[in-house]
Amino acid sequence: MPAKKLNLRKRYGLLTRGMGWETTHQKMDDVFPYDSFEGIKITDWDKWEDPFRLTMDAYWKFQAEKEKKLYAVIDSFAQNNGQTNLADASYLSAIKLFITGVTPIEYAAHRGFAHLGRHFRGDGARIACQMQAIDELRHQQTQVHTISHYNKHFNGLHDPFHQFDRVWYLSVPKSFSEDALSSGPFEFITSISFAFEYVLTNLLFVPFMSGAAYNGDMATVTFGFSAQSDESRHMTLGLEIIKFMLEQHEDNLPIVQRWMDKHFWRAYRLLALVAAMQDYMLTNSPMSWKEAWDVYFVENGGALFEDLSRYGLKMPKYHELATAEADHISHQIWSVFCSLGNATGFHTFLPTEEKMAWLSEKYPDTFDQYYRPRFEYWHQQQKDGTFEFQKGLPQLCQVCQIPMVFTEVQTDPMQISYRVTEHGGDKYHFCSDGCKDIFEHEPEKYVQAWLPVHQIYQGNCGGPTLPEVLEWYKFTPEDIGNYIGSQDHARWQEWTGEDKEVKQA
Amino acid sequence: MAVIAKDGYIDLVRDRVENFHGNQLVYVGWDDHLLFSAAQAFPLPPEMPFQTLVSEVMASVFNDHPDFQKIDWERAEWVLDGESFSPAMEASLKENGIGHKSLIRFKTPGLKGINGLRL
Ligand SMILES: [Fe+2]
Ligand SMILES: [Fe+2]
Ligand SMILES: [Zn+2]
């Protein structure tokens with residue numbers, strides 16, 4: 001009798017739930033040692049609803065198709081010298097930040113999901129995590145392959161993974177990933193799949209991907225497109241895991257709420273780098289950080305939490321502050337990058353007249369009053385030849401590791417927000433109540449933070465002088481500093497025969 | 001509350017004062033001068049006189065601001081770890097109660113930054 005073709009439901013059952021069993025030689029708790037110490041109570045893993053019902057064989061087929069298309073585009077991009085179609089070579093600072101700051105997070109996500117794909121007790125959840133582990137590895141790999149084309153022509157793209165582990169501003173994404181990776185599996189997935197991928201993902205993807213589309217960067221658009229259907233699967237997983245935990249046991253709610261509060265704030269702080277990228281590095285900006293925040297967090301996020309309120313889950317703590325800060329953070333972060341541009345692996349440049357007009361329009365309540373004057377002052381200094389990068393090293397927040405540049409936006413936007421606590425006889429400083437709360441809940445975790453400024457002073461970063469530290473970062477003198485006058489700029493001028501200034505629309 | 005993390009956390013305080021080779025960390029922030037986007041971090045010997053902190057260490061960074069030369073130090077207002085204080089200029093950091101990772105903030109009355117804009 002010929003084998004009967006199984007229907008989708010049966011196949012799905014066999015290829016996921018059929019993969020697990022109740023162990024007898026070893027205790028289940030020994031086989032799955034990581035899924036209970038966080039305090040999350042799961043009474044019935046079979047209640048796990050696989051959000052996308054994808055079997056492994058179908059998964060491989062879809063992914064192979066996507067890869068084939070992507071690599072065809074990458075090839076033709078290279079053959080047609082796609083890099084010459086960029087809006088301006090200054091735009092590549094965004095791509096340099098992406099490959100050094102975001103691509104390694106993809107790899108960290110891969111590691112985390114690979115762990116979950118082994119250690120969740122429920123087979124349905126395990127399979128979903130295995131797929132995501134492969135997705136994230138694919139994202140990392142395709143980003144490296146795509147962007148390697150730019151590496152042939154421009155500086156600052158040569159060693160992202162080395163830099164991720166060392167560079168002062170890259171400790172922000174690194175510590176974010178490692179905070180999640182060192183947590184238990186439920187906290188990890190709440191952080192990455194829910195807080196990051198569900199609640200905040202559009203705030204990362206829109207600026208980079210539509211930013212790429214607006215600036216002639218077809219390479220980035222293509223891998224973004226290729227990752228998009230994976231990401232929608234990841235978002236669904238994020239939502240499912242939250243609902244699953246909340247439905248399984250009422251004791252899970254306070255734990256999930258605390259993780260939500262924590263990882264919302266962690267991810268939001270990380271996105272401050274994206275905000276600066278979006279408002280300042282892009283030659284043409286599709287939308288401002290504030291507009292994106294209003295649409296993707298205030299509106300869409302608000303609706304999501306409205307929906308989740310039936311489980312008792314509330315909006316993440318300090319979300320009101322994040323909304324108030326939307327008028328400020330991109331300007332604050334770009335200011336600190338511009339003043340320390342001799343130590344950034346991408347080129348910095350001051351906003352042009354056109355860009356400042358755009359910023360005034362997008363930030364009517366803050367840009368002209370608080371931020372335009374500093375950029376105009378630095379412009380004048382550059383004209384006079386008196387501009388100098390700042391000489392010292394900034395104080396960093398113990399948790400988010402961003403220089404302490406954030407201000408009291410609700411009371412006095414020109415006053416830096418300082419928070420401090422004591423632990424074990426030492427002082428710890430924070431940029432915000434959000435970061436302070438995170439520390440105070442698990443101080444033993446964050447007293448171990450590898451703060452780049454402190455590490456330099458402890459003598460662990462190649463030497464005491466800036467050139468030594470930069471060499472240890474593998475930043476060459478050509479990678480750093482102002483865009484105007486850089487090799488990238490010179491090369492761009494050779495190709496285009498123009499663009500003596502930064503181009504910004 | 002203890003850490004809830006995968007492999008347990010050993011007792012490691014990465015920024016103990018012993019790790020700074022005889023120095024301690026001191027942060028200095030100049031209020032109303034946001035051209036310096038953040039307070040500055042310095043590794044300093046605890047025996048350093050406060051005067052040296054002002055005229056050498058702080059000057060090494062803040063002197064790039066046109067206000068720095070105009071400061072009347074008699075009138076400067078100091079805040080150490082959240083409390084206002086009057087430093088003894090000849091005494092050491094330690095004698096002034098400045099510990100490892102202390103934050104010193106100072107205001108310079110009459111000097112409100114570039115064009116009075118607190119920059
Ligand atoms: Fe990804
Ligand atoms: Fe993802
Ligand atoms: Zn922080």
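A note on names: the letters A, B, ... follow the listed sequences, proteins ahead of strands, and every chain is numbered from 1.
Residues B:Asn19 and A:Gln458 approach most closely at O-CG, 3.4 Å, considering heavy atoms.
Heavy atoms closer than 4.5 Å to chain B are found in the side chain of A:Tyr418, but not in its backbone. Residue contact with chain B, scored on non-hydrogen atoms closer than 4.5 Å, is absent for A:Thr386. Contacts of A:Ser335 with chain B are made by both backbone and side-chain atoms, with heavy-atom separations under 4.5 Å. Both the backbone and the side chain of A:Trp450 come within contact range of chain B, each with at least one heavy atom under 4.5 Å from a heavy atom of that chain. For A:Tyr377, the part lying under 4.5 angstrom from a heavy atom of chain B is the side chain only. A:Gln398 touches chain B through its side chain: at least one heavy atom from C-beta onward sits under 4.5 Å away, while N, CA, C and O do not. For chain B, the nearby part of A:His115 is the side chain; its heavy atoms alone come within less than 4.5 Å.
Proximity to chain A at a heavy-atom threshold of 4.5 Å picks out B:His21, B:Leu25, B:Tyr27, B:Gly29, B:Asp31 from residues 21-31 of chain B, in numerical order. Of residues 111-119 of chain B, those residues lying under 4.5 Å from chain A by any heavy-atom pair are B:Ile114, B:Leu117, B:Arg118, B:Leu119. Listed by sequence position, B:Leu34, B:Leu35, B:Phe36, B:Ser37, B:Ala38, B:Ala39, B:Gln40, B:Ala41, B:Phe42, B:Pro43, B:Ser60, B:Val61 are the residues of residues 32-63 of chain B in contact with chain A, using a 4.5 angstrom heavy-atom cutoff. Close approach to chain A, defined as a heavy atom under 4.5 Å from one of its heavy atoms, is seen in B:Pro66, B:Asp81 of residues 66-92 of chain B, taken by number.
Put simply, of A:Gln455, A:His454, A:Met404, the one with the most heavy-atom pairs under 4.5 Å next to chain B is A:His454. Between chain B and the residues A:Leu340, A:Leu181, A:Asp412, the most heavy-atom pairs under 4.5 angstrom are made by A:Asp412. For the set A:Gln395, A:Gln390, A:Glu38, A:Arg374, the entry with the most heavy-atom pairs within less than 4.5 Å of chain B is A:Gln395. Counting heavy-atom pairs under 4.5 Å between each of A:Gly184, A:Gly459, A:Ala449 and chain B puts A:Ala449 at the top. In terms of non-hydrogen atom pairs under 4.5 Å with chain B, the most contact-rich of A:Glu187, A:Glu388, A:Gln415, A:Gln369 is A:Gln415. The candidate from A:Pro185, A:Gly425, A:Pro373 with the greatest count of non-hydrogen atom pairs under 4.5 Å with chain B is A:Pro373.
Residues B:Leu12 and A:Val447 form no side-chain contact, since every pair of their non-hydrogen atoms from C-beta on lies 4.5 Å or further apart. Proximity of B:Val13 to A:Gln448: side-chain heavy atoms (C-beta onward) are nowhere separated by under 4.5 Å. The shortest side-chain heavy-atom distance between A:Lys391 and B:Asp64 falls under the 4.5 Å cut-off. Residues B:Lys101 and A:Val420 fail the side-chain proximity criterion, which asks for heavy atoms closer than 4.5 Å.
To the nearest 0.5 Å, atom OH of residue A:Tyr446 and atom CZ of residue B:Arg14 are 14.0 Å apart. Here the CG-CG distance, from B:Asp15 to A:Asp426, works out to 8.0 Å after rounding to the nearest 0.5 Å.
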